[in-house]
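Order of listing sets the numbers, starting from 1, for every ligand and every atom in it.
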Amino acid sequence: MKNSFYQYNFQELTQLLKNRDLSISGASLLYNWHYKQKQIDPCTKNLSLTTQVFIKEYFTFSLPKITNVHQSDDSTVKFLMQMEDGLSVETVLIAFQNKYTICLSTQVGCAMKCSFCFTGTQGLKRHLKTDEIVGQFIVANRWLRENRPDDQLLKNIVYMGQGEPLHNFDAVKASCEIFLDQHGTSIGAQKITISTAGYLPGLIRWNEEMPGVNIALSLHSPFENKRNQLIPINKNYPLPEILKYLESIPLKRKQYIIYEYLLIKDFNDSIEDAHATGELLKGKQAIINLIPFNPFPGSTYARPHKTQIEQFQKIIESYKLPALIRGTKGDDILAACGQLNTKASL
Ligand code: SF4
């Protein structure tokens, strides 16, 4: 059986060639060809015939298929991407001026069942493989080049699509290693952010194993009872434990832990909620992203009024914490935070 080329990090690829007594320079050539030059057909240039035969026999270069594209008025693009077994995930390109951030999915569905999230209503079907995560990036980049040639290609990656990234730790970590590699896409660690709902087994592994990318925690409330309602895994992995592990992550100068706070009308948007959040995070190397709730079909929550959101922001800032109100980009096509659901894209 053949193996996807897109699952191998540079060292593994080098080792594969070495094990077969092939020139290890082939690894740089292949990374350059597929990740820098963004070619999808097998490389034949500057490779020995034996290496070419090996590549043909050992690898497949198949990628997820785009089966649906929704384009928002604000230039956000949501793709439905079908994997080889027929299951699909959503991938979103978030536009800012003519630059893009890609929001990658890491699982088909999600096991975490957060009450504010459309994906959570799907349940977990399976983890995505490394090549399926990397594949979303490659396919979206190609789409951009073909459809918006004047815009710049992808500059930032966020793991905030469908799935809990740390629940699929190995594949997420391997995909980061591939994105970071200087022989290929060479995306800086500061341009990659992995978001977690607070999946402790993954956080415990983070320090030892994850390359120095950014981490974002879905905080959503400083109070255990409210967090339990929003993020059921909080009952198993309570906030103080999560914060303990987050604080142990070594940060570079100018690197921050990102705390995502979904603002839900009359639930977690009060003055008391804002002060408790400020108290909890004050003094930390933190950025707080305030995300007004994005409604989806069947959701019982609502978005707070603008003045309430701004008041919340001011209170957080009074604790000398940077608080940004995140736009609700792509909400008209259900591509905003918490709105992804494969069935809604069909
Ligand atoms: S918010 Fe994230 S972790 Fe929670 S159910 Fe949705 S996809 Fe899963």
Side-chain angles (χ1 to χ4, degrees), residues 78-81 83 87-92 94 101-128 132-133 136 157-169 171-172 175 193-203 205-206 214-221 224 226-239 241-242 245-246 258-264 267-268 288-301 303 326 328-331 334-345:
K78 182 171 76 167
F79 302 102
L80 187 65
M81 295 214 189
M83 304 299 147
L87 290 175
S88 298
V89 295
E90 288 170 319
T91 308
V92 180
I94 306 152
T101 293
I102 188 167
C103 179
L104 296 173
S105 288
T106 55
Q107 297 176 312
V108 184
C110 183
M112 304 298 139
K113 298 196 172 10
C114 300
S115 62
F116 54 85
C117 173
F118 205 10
T119 307
T121 63
Q122 273 184 273
L124 176 67
K125 299 229 169 52
R126 71 169 172 86
H127 293 314
L128 289 184
E132 293 171 326
I133 300 173
Q136 293 170 62
I157 299 176
V158 294
Y159 289 78
M160 296 184 184
Q162 289 171 290
E164 160 55 52
L166 298 190
H167 191 208
N168 186 12
F169 193 97
V172 166
S175 64
T193 302
I194 297 176
S195 174
T196 178
Y199 186 70
L200 194 58
L203 276 176
R205 292 178 64 186
W206 184 285
N214 300 312
I215 187 162
L217 174 72
S218 301
L219 177 64
H220 307 334
S221 176
E224 290 289 4
K226 289 191 188 180
R227 208 162 178 272
N228 285 345
Q229 280 186 59
L230 294 171
I231 306 173
I233 58 158
N234 190 63
K235 292 176 202 147
N236 301 335
Y237 311 126
L239 191 55
E241 278 281 285
I242 300 296
Y245 277 96
L246 276 183
I258 300 156
Y259 293 87
E260 309 272 3
Y261 196 106
L262 186 70
L263 280 162
I264 300 170
F267 181 79
N268 64 354
I288 294 87
N289 277 343
L290 301 173
I291 310 159
F293 177 71
N294 296 304
F296 58 81
S299 66
T300 51
Y301 298 130
R303 184 181 298 181
R326 276 247 304 261
T328 50
K329 280 186 172 276
D331 58 347
L334 291 182
C337 285
Q339 288 185 314
L340 298 184
N341 184 301
T342 311
K343 285 186 205 133
S345 276

Ala111 to Leu124 - nearest heavy-atom pair and separation: N-CB, 3.7 Å
Thr196-Glu164 side chain donor-acceptor pair, cut-off 3.5 Å: yes
Lys125 side chain reached by Gln107 side chain, heavy atoms, under 4.5 Å: no
Proximity flag Phe116 to ligand 1, non-hydrogen atoms under 4.0 Å: yes
Numbered atoms and elements of ligand 1 in range of Lys113, under 4.0 angstrom, heavy atoms: 5 (S)
Side chains of Met112 and Tyr199 in contact at under 4.5 Å (non-hydrogen atoms): yes
Cys110 and ligand 1 - part of the residue with a heavy-atom distance under 4.0 Å: side chain
Cys114 near atom 6 (Fe) of ligand 1 via N/O/S, less than 2.8 Å: no
Under 3.5 Å side-chain donor-acceptor pair for Tyr301 and Ser115: yes
Option of least heavy-atom distance to atom 2 (Fe) of ligand 1 (set: Ser218, Gly163, Ser105, Ala197): Gly163
